[in-house]
Amino acid sequence: MLSDAERAEIEEELSHYPDKQAGCVEALKVVQRHRGWVSDENLKSVAALLGMTSDELDSVATFYNLILRKPVGRHVIFLCDSISCWVCGCDAMRKSLQSLLGISMGETTPDGRFTLLPIVCLGACDHAPTMMVNDDLHEDLTIEKVDRVLEQYP
Amino acid sequence: MDRPLTRNIKPKAEPLWLAEYEKAGGYESVRKALRTMAPQEVQKLVTESTLRGRGGAGFPTGKKWSFVPMGPDTPRPKYLVVNADEMEPGTFKDRLLLEGDPHQMIESMIVSAYAIQADVGYIFLRMEYGIAAARLRKAIKEARAKGYLGRNLLGSDFSFEIYLHSSAGRYICGEETALLNALEGKRAIPRAKPPFPQVVGLWGKPTIVQNVETLCNVPHIITHGVEWYRRLSRGKDGGTKIYGVSGNVKRPGAWELPMGTSIREILEEHAGGMRDGFAFRGLLPGGASTAMLVEEHLDLPMDFESIAQGGSRMGTGTMIVLDDQTCPVGFAQNLEHFFAQESCGWCTPCWEGLSWTERILQSLEEGQGRMEELDVLTMHTKLLAPGRTFCALAPGAMDPLQSLLKYCRVDFERHIHEKRCPWRDGHNGADGARTWPVSSSMIVPTR
């Protein structure tokens with residue numbers, strides 16, 4: 001069941017388009033903002049609200065790398081692995097993150113604090129290497145800096 | 001004023017909000033166009049300005065607009081869509097404009113919409129650009145309150161509304177017809193052309209899809225005129241260009257410079273040359289999908305025709321530098337990993353060919369490559385050439401690959417003869433071989 005707040009935010013997004021399906025990505029993102037990810041149950045509720053079948057909506061949802069269809073930790077780390085960051089040493093950042101957190105790419109720490117994922121170019125190549133934690137961009141990463149950044153996310 | 005697009009932008013500072021923006025001459029082009037010019041006159045100025053698209057393809061903007069049906073019998077509503085889905089690896093220019101001067105984006109949309117008589121505008125923004133989203137929302141709200149958006153702008157009979165659409169990833173959304181499917185809430189696969197979006201676009205209505213930087217030129221052309229605009233450039237194509245450099249250079253960054261500034265000037269004077277201990281080997285002039293240029297090309301002016309003569313494309317104008325401490329095969333593998341991952345899966349040559357290419361590059365990096373596989377790579381650069389796939393993604397993936405095979409052939413062969421990556425223990429060696437999951441669809445369930 002969607003909350004009243006989620007419904008209201010979805011309705012606001014839908015008002016920008018001539019048909020409801022056009023608002024489906026924004027609607028899924030509303031759910032994700034409130035719950036961290038989009039479960040099958042919530043996907044069905046959104047589909048019903050938009051007049052889509054849940055398969056139809058899931059075919060769109062699973063197309064996008066930023067619609068999360070599996071549970072994630074409280075904070076999601078998106079480490080850029082595109083060319084400029086790779087040239088500037090993002091592999092060292094990956095190894096450092098993996099060893100600090102004790103997990104591999106795609107995994108969540110056992111305490112549910114962090115999920116570690118790759119992402120494509122974040123458009124901050126003059127400050128490579130870069131990563132996002134939740135909505136925040138972190139630039140000019142070094143192994144020492146990665147350590148300090150993680151402390152900001154309890 | 002020689003930096004019209006970035007004149008209001010100060011690093012790490014808040015952008016100009018409405019009152020200051022107006023004081024700095026903002027929205028002048030809207031007043032001028034709506035009060036003194038017919039839509040066709042605005043189109044004519046844009047055509048005469050020789051403005052060409054800054055999103056990568058370089059199509060003449062005025063010509064693109066000329067295909068939009070005009071007059072009282074045309075299908076309505078017509079749409080103007082800003083492609084703010086900047087996701088070409090190595091490209092970081094539109095972020096600068098969106099975060100740095102959001103009102104310039106809104107002004108650009110209004111005056112361009114007037115030229116093609118569009119009724120509704122969407123800004124298609126990538127999800128990761130959260131600061132840009134917040135600033136654009138605020139600018140739209142301010143513009144609406146001041147009467148620059150809504151019904152009967154400035155008392156004219158022209159009405160226009162703007163909405164922000166925040167997307168959810170996937171490089172293919174930057175392809176203009178895939179972007180239209182994405183906006184309609186469908187899987188973002190490209191559409192067949194023709195019909196072209198200018199005639200049959202969003203929800204079947206006439207639609208112009210235009211890159212952020214391209215549109216941001218329009219108000220300045222209208223306000224200051226064609227002569228002034230063309231004089232900004234050192235070459236045939238008018239205006240300035242936001243050039244950028246990333247990689248192991250002394251001062252990576254982005255700078256608005258005259259169109260046609262030479263690669264050498266951008267690389268040496270603005271980016272400060274190579275970092276100590278790194279030597280230049282080549283560069284991709286305009287993002288991940290452009291063919292590599294080398295030393296002999298450094299004096300080429302960065303404009304559409306000159307870079308094409310050098311065998312590449314200016315693309316987005318933001319260069320990625322390859323240095324001698326970085327393995328060229330690993331460089332190619334990283335690029336092909338990106339394109340294989342971002343293939344939308346719609347046409348077989350693309351999804352099958354790109355993942356095959358990536359696997360071969362990975363085996364080379366791991367010291368298991370064979371000589372005949374270099375021929376398989378070369379074969380792919382022909383099989384995935386323009387016209388053989390549904391859209392430009394796969395041909396774009398092959399441009400850097402064929403150029404790396406050409407200029408760094410000896411390095412590919414060394415991987416095979418030595419059965420290892422010679423850069424293995426260096427700055428970026430085979431240890432960086434792609435072992436990451438393909439995307440967030442591979443999230444492992446919580447333990």
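For clarity, every value in this text was computed on a predicted model and none was experimentally measured. Throughout, protein chains are lettered first and strands after them, A, B, ... in sequence-line order, and every chain is numbered starting at 1.
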(message) Using heavy-atom distances under 4.5 Å, tell me whether B:V321 contacts chain A through its side chain, its backbone, both, or neither.
(response) backbone

(message) Any heavy-atom pair between the side chains of B:R187 and A:T62 that's under 4.5 Å?
(response) yes

(request) Check whether B:R95 gets within reach of chain A through its side chain, its backbone, both or neither, counting any heavy atom under 4.5 Å. (result) side chain

(request) Check each atom of B:C344 against the heavy atoms of chain A and say whether the ones under 4.5 Å are side chain, backbone, both or neither. (result) both

(message) Within the structure provided, determine whether B:Y171 and A:V120 are in side-chain contact (heavy-atom separation under 4.5 Å).
(response) no

(message) With a 4.5 angstrom heavy-atom cut-off, is it the side chain or the backbone of B:L284 that approaches chain A, or both, or neither?
(response) neither

(request) Locate the shortest heavy-atom distance separating A:V87 from B:F331; write the atom from each residue and the value. (result) CG2-CE1, 3.7 Å

(message) Between A:E56 and chain B, with a heavy-atom cut-off of 4.5 Å, which part of the residue counts as in contact: side chain, backbone, both or neither?
(response) neither

(message) Less than 4.5 Å to any heavy atom of chain A: does that hold for the side chain of B:A182, its backbone, both, or neither?
(response) both

(message) To the closest 0.5 Å, what do you measure between CE (B:M127) and NZ (A:K29)?
(response) 5.0 Å

(request) Grab the two heavy atoms, one from A:Y64 and one from B:C173, that are nearest each other, plus how far apart they are. (result) CE2-SG, 3.8 Å

(request) Could you pull out the closest heavy-atom pair between A:P18 and B:W203, with the gap in Å? (result) CD-CH2, 3.4 Å

(request) Name the option with the most non-hydrogen atom pairs under 4.5 Å to chain A; the candidates are B:S167, B:A254, B:G244. (result) B:S167

(message) Within this structure, what is the CD1-OG distance for the pair B:I320 and A:S82, rounded to the nearest 0.5 Å?
(response) 9.0 Å

(request) Heavy atoms only, distances under 4.5 angstrom: which of A:M132, A:E13, A:H127 has the most pairs with chain B? Name it, please. (result) A:M132

(request) Below 4.5 Å from any heavy atom of chain A, which atoms of B:T318 appear? Answer side chain, backbone, both or neither. (result) neither

(request) Measure A:Q21 against the heavy atoms of chain B and call it side chain, backbone, both or neither at under 4.5 Å. (result) both

(message) Return the CG to CD distance between A:N65 and B:Q341, rounded to the nearest 0.5 Å.
(response) 7.0 Å

(request) For the residue pair A:E26 and B:S166, establish whether any side-chain heavy-atom pair is separated by less than 4.5 Å. (result) yes

(request) Measure across A:W86 and B:G330 and return the closest heavy-atom pair with its distance rounded to 0.1 Å. (result) CH2-C, 3.3 Å

(request) Please state whether the side chain, the backbone, both or neither of B:E184 comes within less than 4.5 Å of a heavy atom of chain A. (result) backbone

(request) Taking atom CG of A:D4 as the centre, report whether more than 12 heavy atoms of other residues, nucleotides or ligands fall under 6.0 Å from it. (result) no

(request) Sort B:Y163 into side chain, backbone, both or neither according to what part of it lies under 4.5 angstrom from a heavy atom of chain A. (result) side chain

(message) For A:V60, which atoms come within 4.5 Å of any heavy atom of chain B: side chain, backbone, both, or neither?
(response) both

(message) Return the OG to NZ distance between A:S59 and B:K186, rounded to the nearest 0.5 Å.
(response) 11.5 Å

(message) For a quick test of reading the model, state the closest non-hydrogen atom pair linking A:F63 to B:A188 and the distance between them.
(response) CZ-O, 3.3 Å

(message) Can you give me the closest heavy-atom contact between A:C125 and B:S246, atom names plus distance?
(response) O-CB, 3.4 Å

(message) If you define the side chain from C-beta out and look only at heavy atoms, does anything of B:F338 sit under 4.5 Å from A:I83?
(response) no

(request) Rounded to the nearest 0.5 Å, what's the gap from CD1 on B:I162 to NE2 on A:H16? Could you check? (result) 12.5 Å

(request) Give, as side chain, backbone, both or neither, the part of B:R126 having an atom under 4.5 angstrom from any heavy atom of chain A. (result) side chain

(request) With a 4.5 angstrom heavy-atom cut-off, could you sort out which part of A:L137 is near chain B: side chain, backbone, both or neither? (result) side chain

(request) Count the heavy atoms of every other residue, nucleotide or ligand shown that sit under 6.0 Å from CG of A:D135, and state whether that count exceeds 12. (result) no

(message) Please classify the contact of B:T91 with chain A as side chain, backbone, both or neither, using a heavy-atom distance under 4.5 Å.
(response) backbone

(message) For B:E342, which atoms come within 4.5 Å of any heavy atom of chain A: side chain, backbone, both, or neither?
(response) side chain

(message) For the CZ atom of B:R170 and the CG atom of A:L66, what is their distance to the nearest 0.5 Å?
(response) 10.5 Å

(message) Quick check for you: among B:A271, B:A288, B:P89, which has the greatest number of heavy-atom pairs under 4.5 Å with chain A?
(response) B:P89

(message) I'd like to know which of B:G90, B:A168, B:G169 tops the heavy-atom pair count under 4.5 Å against chain A.
(response) B:A168

(request) Count the heavy atoms belonging to other residues, nucleotides or ligands that lie under 6.0 Å from NZ of B:K250, then report whether that count exceeds 12. (result) yes

(request) Kindly say whether the aromatic ring centers of B:Y122 and A:Y17 come within a distance under 6.0 Å. (result) yes

